[in-house]
Amino acid sequence: MRSVAALFRLDTSDPDLARAQFRSFSRQLPLLYIILVFNALAVMADYFRPDQLLKTLMAPLFMCTAALVRAFWWWRQDGGKDLSDQEIARQIARTCSLSVVMTLTFELWSFWIYDLGDAYARGHLTFFLALTQVSTVFCLMTLRAAAMRVATVSTMAFVLYFLFADHGRMRVAAIVLIFVGIGMMVVTHRFNIDFSNLIRSQRDLRNRQAETEKLSEENRRIALTDALSGLPNRRELLARLQRLEERVVDRVDTLAIVFIDLDGFKDINDSHGHHVGDTLISSLSARLAGLCPEQALLARVGGDEFAILIEAPWATARARALAERIGEEIGLPVLVNRHVLQVGASIGIASNAEGPVGANELLRRADIAMYHVKMRKKGEIAVYDAAFDEGRKRRLAIEHEIGVGLTREEFEVFYQPVVNAQTGAIVSAEALVRWPRRPTGSLDPQEFIEIAEGTGQIHPLGLFVLERACRDLKPLGPLKVSVNVSPVQFRDPGFERQVAHVLEQTQFDPQRLQLEITEGYLLAQPERAIRVMERFKSMGMSIALDDFGTGFTSIHYLQSYGFSHIKIDKSLLAGLRPGSKASLLVTGTIYLASGLDMRVIAEGVETEQQANILRAAGCHKLQGFLFGRPMPIAEFRRVYENQAVHDRFRQSA
Ligand code: C2E
Ligand code: CA
Ligand code: CA
């Protein structure tokens, strides 16, 4: 019973379905009204009687006018496109009641005038009436409640009237209409089930499609965005460049790329952890974004690399100005988790100022220019030059050769004597790497060491030197040995263990080993440097600060690290003459260092004059060509042992 009642209930709870119903029947309603009007006019023509104007003229004309007004109204609705969901629901409810009212009005009018006609007219009228009813139900088919109500109400009225009209002679027609009515209701019900299923599946399909679109849009966004900084990533930058390339930007100086690589970021990442590194990258990304002009595209193209694409006239000048601002502002401190962090930037610029350049080539050139800066002097800016490519090619070749050289044992270690400044006795030897068996000719250690530092090849190379030095000099006790340690090695958490392992393997006395480090690493990682140095010292080794005088460190600052020695760089010795500025500086340094319990080694001593000044200033040890060049172990051994004979000879004399 309840399910039968439900067939008549108006349900507009599903807005999509309601809208679809509205769209469907609103197109048919004008047609329905027109049919109604034609039927009314036909009946009117049959029944017109001048003495019954109200019944046969005014009433039908009034009905027709009302129907035409509604027809026009529905025609203008245009499927309800501009209506809100609530408005649609309201219109449907109205249609439901109005359709019943209209059908009943037409029917009641028909019953009212029925008796006025002759048998033919009555036959026509019954026919039109049944026809109107059927067409109404069919036009309202998509709106089940309305169709059902109209079908029921009008059939009931029809049946009730015609069971008794004309002394029951129309009973058969009434009974037939009952079946027609039931038939129409069944069809309406089935049709509605299909209709709402169709609408629902259409909606599901639409929703799924929208979801898929949203997902793929999201995927696209993720694929082209760097998750950490929220900036476009390398792929997005390349896509943008690709689009530019298709457009062929051949007007000169309209395109530039500023390529930025952070200096010192890796150290921060290593010492403070990735979490701090990530936060730092986020802050710096925001800082860079703030510096970029609006039309420029800023992308994060690598861990600590950014690129800015500038598309504007005078692109090179703009890029340079931007690079300079970035250079100034990137170094401002950032506070992360109570750490005050600071990084620099090496910046390369490439543009199409000299002529058309493919977009991808432009990025490559900016990268090369940045690389050039990185290798020469970090923190600067360079505009791409074709010569940079040569430099890069050469580096790549050397990188490869170092790898081969390591496996083929092409490297060698030379030893340079360090003498006691007062007695001239050899007190230690500095181990210096050499590459004598390099097939393409000898190379300055400074150059290949720097390359090996860039690739990480310094790790095996440095360990090779350490191990070789321990083995070579072990028999020459108590002579000490100084081994250079690159900041890259020092930064490696495994370094301590490796050193301990070498000492164990070679059975070399740690007391005889001195590590030389430069100050670059100290400034970047003060806390960690102190910790690592403490551990080396606790193992018995001593640590010397190499190249003192080339950086900015004050001696007082160095004291906190606990260096046992500082080595005055040879560049300071160049102008060493009595009374010269250099000699004041060197003398002051020696004085201060001694006061702070550090011993001073002067390196690069080439003349007796330099040696005399240094000795007079109280320098503890001297190293330089004056006392001996770096030499192979066999030669060094001879020199050292000869000297020992001399000493004994002197002592006994
Ligand atoms: P450094 O540690 O300052 O080494 C001293 C350099 O000065 C050596 O150059 C040495 O040959 C040179 N030298 C010594 N006495 C004199 C002199 O009287 N006059 C002049 N003009 N030069 C003198 P070398 O062997 O070419 O090494 C250059 C740099 O390469 C070293 O500078 C050091 O930084 C690096 N290096 C060399 N061997 C190694 C190594 O095994 N590991 C690491 N990490 N670096 C090394
Ligand atoms: Ca050194
Ligand atoms: Ca040095």
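Start at 1 and go down the list; that is how both ligands and their atoms are numbered. Note that the structure is a prediction, hence the values are computed from the model and not measured.
- Here K567 pairs with E430 in a salt bridge; the nearest charged N to carboxylate O distance falls below 4.0 Å.
- Of all N/O/S atoms in E516, OE1 sits nearest the Ca ion (ligand 2).
- Look at D546 and the Ca ion (ligand 2): an N/O/S atom of the residue is under 3.0 Å from the metal.
- Between D547 and ligand 1, an N or O atom pair is found at a separation short of 3.5 Å.
- The proximity of D569 to ligand 1, defined as any non-hydrogen pair under 4.0 Å, does not occur for either the backbone or the side chain.
- In terms of N/O distances under 3.5 Å, ligand 1 is approached by V433.
- Atoms of ligand 1 lying under 4.0 Å from any heavy atom of P630, numbered from 1 in the order shown and given with element: 11 (O).
- Considering backbone and side-chain atoms together, E516 places no N or O closer than 3.5 Å to any N or O of ligand 1.
- Sorted by first then second residue, the salt bridge (charged side-chain N to carboxylate O under 4.0 Å, His left out) pairs that include residues 468-489, not counting sequence neighbours, are E412-R468, E467-R471.
- With a cut-off of 3.0 Å, the Ca ion (ligand 2) has no N, O or S atom of D547 in range.
- Contacts of S594 classified as side-chain hydrogen bond (donor to acceptor under 3.5 Å, both in side chains), with partners at least two apart in sequence or in another chain: none.
- For the ligand labelled ligand 1, residue E453 lies outside the 4.0 Å heavy-atom shell.
- Every atom of ligand 1 with a heavy atom of E603 under 4.0 Å away is listed here by number and element: 3 (O).
- Close approach of ligand 1 to Q416 (heavy-atom distance below 4.0 Å) involves ligand atoms 14 (C), 15 (N).
- E450 has a carboxylate O that lies under 4.0 Å from a charged side-chain N of R395, or vice versa, which qualifies the two as a salt bridge.
- Residue G624 has no nitrogen or oxygen atom sitting less than 3.5 Å from a nitrogen or oxygen atom of ligand 1, judged on distance alone.
- At a heavy-atom cutoff of 4.0 Å, ligand 1 is contacted by the side chain of D444 but not by its backbone.
- Both the sub-6.0 Å distance and the 45° axial angle are satisfied by R392 relative to the ring of Y371.
- Contact atoms of ligand 1 toward E430: 2 (O), 4 (O) (distance under 4.0 Å to a heavy atom of the residue).
- Cation-pi geometry between R629 and F625 is met: the NZ or CZ atom falls under 6.0 Å from the ring centre, inside 45° of the normal.
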Legend entry - salt bridge (charged side-chain N to carboxylate O under 4.0 Å, His left out) between E328 and R325, worked out: CA-CA 5 Å; E328 283 162 17; R325 278 201 65 197; 5.8 Å; no

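- In this structure, the separation between CG on L237 and CZ on F306 is 13.0 Å, given to the nearest 0.5 Å.
- H459 and Q489 share no donor-acceptor pair across their side chains, judged by distance under 3.5 Å alone.
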